[in-house]
Colleague: 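Pasting a structure here, questions to come.
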Amino acid sequence: MKNLVENLVADALAVLPAGTLGDGALPDPGVERTRDAQHGDFATGVAMRLAKAARANPRALAARIVAAVQPNPLVAKTEIAGPGFINFFLTPAAWQSEMARVLDAGERYGRGTAGAGRSTIVEFVSANPTGPLHVGHGRHAAFGATVANLLAADGWRVHREYYVNDAGRQMDILAASVWLRYLELCGETLPFPANGYRGDYVRPVAANLRARYGDALRRPAAEVLAGLPADEAAGGDKDQFIDAVIARARQLLGDGFPIVFDAGLADMLADIQGDLAEFGVTFDRWYSEQALGDGRDGGPIDRALRRLRANGHVFEQEGATWFRATLFGDEKDRVVVRANGQKTYFASDIAYHLDKRERGFELLLTILGADHHGYVARVRAGLAAMGEPPESLEVPMVQFVTLWKGGEKVAMGKREAQFVTLRDLRAEVGNDAARFIYVMRSHDQALDFDLELARKQSNDNPVYYVQYAHARIASVLKQAAERGLPFDRAAGLAGLAMLAEPAEIALMREVSRWPEVVHQGAEQRAPHLVVHYLRELAQAFHACYAALPFIVDDAHTRNARLALIAAARQVLVNALGILGVSAPESM
RNA sequence: GCGCCCGUAGCUCAGCUGGAUAGAGCAGCGGAUUUCUAAUCCGCCGGUCGGGGGUUCGAGUCCCUCCGGGCGCACCA
């Protein structure tokens, strides 16, 4: 519907004599929904924005634009108001015809073409496979999945990816932790490192390992501990200690170490994958960090380093290889290969992002936690130095989650939300409430997640408010059928002109806003707009429900009203679907 | 110290990238059901948009500055 007005304005602007608007390309029509019904349905401030360049009085310019607008049967009137707004008042027929479009398009209603088939890779969650996902990851999962859905709905080709950090020290620590638990199961007695993964989830991994390999990986505790430095508890350094344990494990296990390592990785990854699948969050690919070093040409890491070198942005210093990031706006130069020959995590990062570009993705959306913002300038610098457009990388940063139980903050340790798992949260409040509440707030706003509210089946729980609207509609349609007055779609479409009550008009206006929400939500990567919209749509329906009966004797009115609520239901389904929230038939 | 994010009603937050009289929900107060789910609806109360300067026809929105809160500033992942 907004589209209609935009086109009218754009056409009018194009028709004006050259020079009327000053020079330069045709401006965006800038059509918006009005906040106040007194200002009509849609308005544009384009005349005011152009007034200076056109060296004209805004109202006079507006008058010229209005004069150039082609008459349209769906536009009741246009007016110039205030400092130079152009207001458009639509006829009821405009909204009524849109309802027919909703029913016709069904689940496709709201989809846009702004993405124009451009391709994007949305990388999200990407939590280290060293333990179960926690409540913070849940927000990333819900946010990323919804942004991806919005982009897809707005015409982008979307690839969803999870970057699996399956290499590096943290994974070695997991392997060591699994092995130590395994040794305990074998009957060995030895202390557990302060810096090891102490969570109970490690024990089943060890048990699986023992079930499969028996005592084959067992080594005497005395051999394991011989000559190790002191752990933190004994006044030593916990990092030095765990590194020594890892080295000892490699030494004693030989070929057995990768077995332990892979067992830890496989079990943790399976847990994460299962968790996310149950949460309705799926990926097209789980991209292995290990694979960055694979390939006949040395893999993405070597390709990235070669590119940097070829472009002259690399230098050697103190035995390490550095990338001259400062040349590309970063605050300091960055090491890519350490003095000990190991590639840095940063090298993997830029290699991974180069690989994304090489796979043909135009927009690289990488969703990170708010604590990673130092990372953006670095990776952009890397892209630029490799000859890729740095602005192709966009990094929405998701703020922390704080759990509340009623008025009390749930203690979660130093790192927010770290010790409450996503599984626990889902079990407690359900997937629907979790997904809805996770994206209710703008991602750059810290989120207070109230467990009590999320579980409450009452009117102050926004999830139920919206789902209830859907269930009510389903119930009305069912009752109509039961009374022998089933919704006659053809009759409903033919009688849409019956819909003229204020509550009906208000609902039609809200229903027809959905395509605008999809577009705006996609463009701004802002799932919370969908939540706000759903609330307003549900509100418009509930108001309509209270204002008039749907199952009335007059068949024309009845079918028209049923068509209206069927359209509302369709949009509720579509919007909830974008969020990954169910639309229950009854509650 | 430097950088990024945030500060809007008692509470939790929107505010469409500069537009018209700053909006919702919750809380509080007052109403509504012989009718399709009251998990609902209608009304009222509530604001120096953290403070101060600036830019312009117009600023919650952009710039500067200060105050307060969060998070970063590795040859860690």
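Letters A, B, ... mirror the listed sequences (proteins, then strands); counts begin at 1.
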Colleague: Within the pair A:R441 and B:rU12, is there a side-chain N or O less than 4.0 Å away from OP1 or OP2?
Modeller: no
Colleague: Can you tell me the distance, in whole Å, between the CZ atom of A:R169 and the P atom of B:rA77?
Modeller: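 Rounded to whole Å, this separation is 8 Å.
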Colleague: According to the interplanar angle, ranging from 0 to 90°, do the rings of A:H313 and A:F328 count as parallel (below 30°), tilted (30 to 60°) or perpendicular (above 60°)?
Modeller: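 A:H313 and A:F328: perpendicular rings.
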Colleague: Within the 4.0 Å heavy-atom criterion, would you say A:A543 contacts the bases, only the backbone, or no part of the nucleic acid?
Modeller: sugar-phosphate
Colleague: Measure the distance from CG on A:L548 to P on B:rU40 and round it to the nearest whole Å.
Modeller: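 Roughly 19 Å, once rounded to whole Å.
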Colleague: Taking NZ, NE, NH1 and NH2 as the nitrogens, is one of them in A:E32 or A:K2 under 4.0 Å from a carboxylate oxygen of the other?
Modeller: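 No.
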Colleague: Heavy atoms under 4.0 Å, any strand shown: does A:N128 hit a base, just sugar-phosphate, or nothing?
Modeller: sugar-phosphate
Colleague: Could you check A:P83 against A:N340 and say which one's nearest nucleotide on RNA chain B is further toward the 5' end?
Modeller: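 The residue closer to the strand's 5' end, by nearest nucleotide, is A:P83.
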Colleague: Any chance you could encode RNA chain B as dot-bracket? Rule is Watson-Crick or G-U wobble with both distances under 3.5 Å; [ ] for pairs crossing earlier ones, | for another strand.
Modeller: (((((((..((((.....[...)))).(((((.......))))).....(((((..]....))))))))))))....
Colleague: Got a second to check how far A:R472's CZ is from A:Q479's CD, nearest 0.5 Å?
Modeller: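 It comes to 12.0 Å.
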Colleague: Would you tell me if any nitrogen or oxygen in the side chain of A:Y465 comes within less than 4.0 Å of OP1 or OP2 on B:rC41?
Modeller: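 For B:rC41, OP1/OP2 do have a side-chain N/O of A:Y465 under 4.0 Å.
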Colleague: Under a 4.0 Å heavy-atom cut-off, which of residues 509-524 of chain A touch RNA chain B?
Modeller: A:Q520, A:Q524
Colleague: Specify the glycosidic conformation (syn or anti) of B:rU65, with syn defined as within 90° of 0.
Modeller: anti
Colleague: Could you check how far CZ of A:F261 sits from P of B:rA77, rounded to whole Å?
Modeller: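 Value for this atom pair: 13 Å.
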Colleague: Looking for any heavy atom pair under 4.0 Å, which part of the strands does A:R535 touch: base, sugar-phosphate only, or nothing?
Modeller: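 Sugar-phosphate contact only - A:R535 comes under 4.0 Å of backbone atoms but never of a base.
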Colleague: So A:Q539, base contact, sugar-phosphate only, or nothing? Heavy-atom distance under 4.0 Å.
Modeller: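 Sugar-phosphate contact only.
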Colleague: With sugar-phosphate meaning primed atoms plus P, OP1 and OP2, does A:A480 contact a base, only sugar-phosphate, or nothing at under 4.0 Å between heavy atoms?
Modeller: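 Nothing, no heavy atom under 4.0 Å.
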Colleague: At 4.0 Å (heavy atoms only), tell me whether A:A370 reaches a base, stays on the sugar-phosphate, or touches nothing.
Modeller: sugar-phosphate
Colleague: Between A:H532 and B:rG23, does any side-chain N or O lie under 4.0 Å from OP1 or OP2?
Modeller: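 Answer no for this pair, as no side-chain N or O of A:H532 is under 4.0 Å from OP1 or OP2.
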Colleague: When the P atoms of B:rG51 and B:rC73 are considered, how many whole Å apart are they?
Modeller: 32 Å
Colleague: Compare the minimum distances between each of B:rG19, B:rA20, B:rG72 and the side chain of A:R49, then state the nucleotide with the smallest one.
Modeller: B:rG19
Colleague: Can you confirm if the aromatic rings of A:F143 and A:H443 lie within a centre distance of less than 6.0 Å?
Modeller: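 Yes - the distance between ring centres of A:H443 and A:F143 falls below the 6.0 Å cut-off.
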Colleague: Mind calculating the distance between CG (A:D36) and C1' (B:rA22) to the nearest angstrom?
Modeller: 13 Å
Colleague: Check this for me, if you would: do A:R513 and A:E510 make a salt bridge, where the nitrogen-to-carboxylate-oxygen distance has to be below 4.0 angstrom?
Modeller: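 Salt bridge between A:R513 and A:E510, a charged N being under 4.0 Å from a carboxylate O: yes.
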Colleague: Quick one: are A:F241 and A:I246 in side-chain contact, heavy atoms under 4.5 Å?
Modeller: no
Colleague: Would you tell me if any nitrogen or oxygen in the side chain of A:K332 comes within less than 4.0 Å of OP1 or OP2 on B:rA74?
Modeller: yes
Colleague: Using side-chain hydrogen bond (donor to acceptor under 3.5 Å, both in side chains) as the criterion, point out the one residue from A:Q38, A:K77, A:E79, A:H39 that pairs with A:N87.
Modeller: A:E79
Colleague: Would you please indicate if the ring centroids of A:Y287 and A:Y162 are separated by under 6.0 Å?
Modeller: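 No, they do not, as the ring centres are separated by 6.0 Å or more.
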Colleague: Is it true that A:E504 and A:R509 have a side-chain N and a carboxylate O under 4.0 angstrom from each other?
Modeller: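 Here A:E504 does not pair with A:R509 in a salt bridge, since their nearest N and O are not under 4.0 Å apart.
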Colleague: Using atom CD of A:Q399 as one end and atom P of B:rG7 as the other, report the distance to the nearest whole Å.
Modeller: 11 Å
Colleague: For A:F400 and B:rG70, say yes or no: do the ring centres fall under 5.5 Å of each other while the ring planes differ by less than 30°?
Modeller: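 Not stacked: fails the 5.5 Å / 30° test.
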Colleague: Think A:Q445 has a side-chain N or O under 4.0 angstrom from the OP1 or OP2 of B:rA14?
Modeller: yes
Colleague: Is A:H372 side chain donor-acceptor paired with the B:rG72 base, going by distance under 3.5 Å alone?
Modeller: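 Absent.
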Colleague: Taking OP1 and OP2 of B:rC73, is either one under 4.0 Å from a side-chain nitrogen or oxygen of A:R378?
Modeller: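 No, because none of the side-chain N or O atoms of A:R378 sits under 4.0 Å from OP1 or OP2 of B:rC73.
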Colleague: What's the closest nucleotide to the side chain of A:E32 if the choices are B:rC36, B:rC16, B:rG15?
Modeller: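 Nearest nucleotide to the side chain: B:rC16.
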Colleague: With heavy atoms under 4.0 Å as the rule, sort A:A547 into base, sugar-phosphate or nothing.
Modeller: nothing
Colleague: Which sits closer to the 5' end of RNA chain B, A:H542 or A:D444, going by the nucleotide each is nearest to?
Modeller: A:D444
Colleague: Do A:D371 and A:F400 come close enough that some side-chain heavy atom pair is under 4.5 Å?
Modeller: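 Yes; the side chains approach each other to less than 4.5 Å.
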Colleague: Please classify the nucleic acid contact of A:S586 as base, sugar-phosphate, or nothing, using heavy-atom distances under 4.0 Å.
Modeller: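 If one applies the 4.0 Å heavy-atom cut-off, A:S586 turns out to touch a base.
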Colleague: Any chance you could measure A:D231, atom CG, to A:D239, atom CG, to the nearest 0.5 Å?
Modeller: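 Here the rounded value is 10.0 Å.
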Colleague: For the pair A:D554 and A:R558, find out whether any cationic side-chain nitrogen is under 4.0 Å from an anionic carboxylate oxygen.
Modeller: no
Colleague: Spell out yes or no: do the side chain of A:N87 and the base of B:rA20 have one donor N/O and one acceptor N/O closer than 3.5 Å?
Modeller: yes
Colleague: Is the phosphate of B:rA39 approached by A:Q467 (side-chain N or O, under 4.0 Å from OP1 or OP2)?
Modeller: no
Colleague: Taking any heavy-atom pair under 4.0 Å as a contact, classify A:A377: base, sugar-phosphate, or nothing.
Modeller: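 Nothing, no heavy atom under 4.0 Å.
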Colleague: Using a 4.0 Å heavy-atom cut-off, does A:Q342 contact any base of the nucleic acid, only the sugar-phosphate backbone, or nothing at all?
Modeller: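 Nothing: the residue A:Q342, judged by heavy atoms under 4.0 Å, touches no strand.
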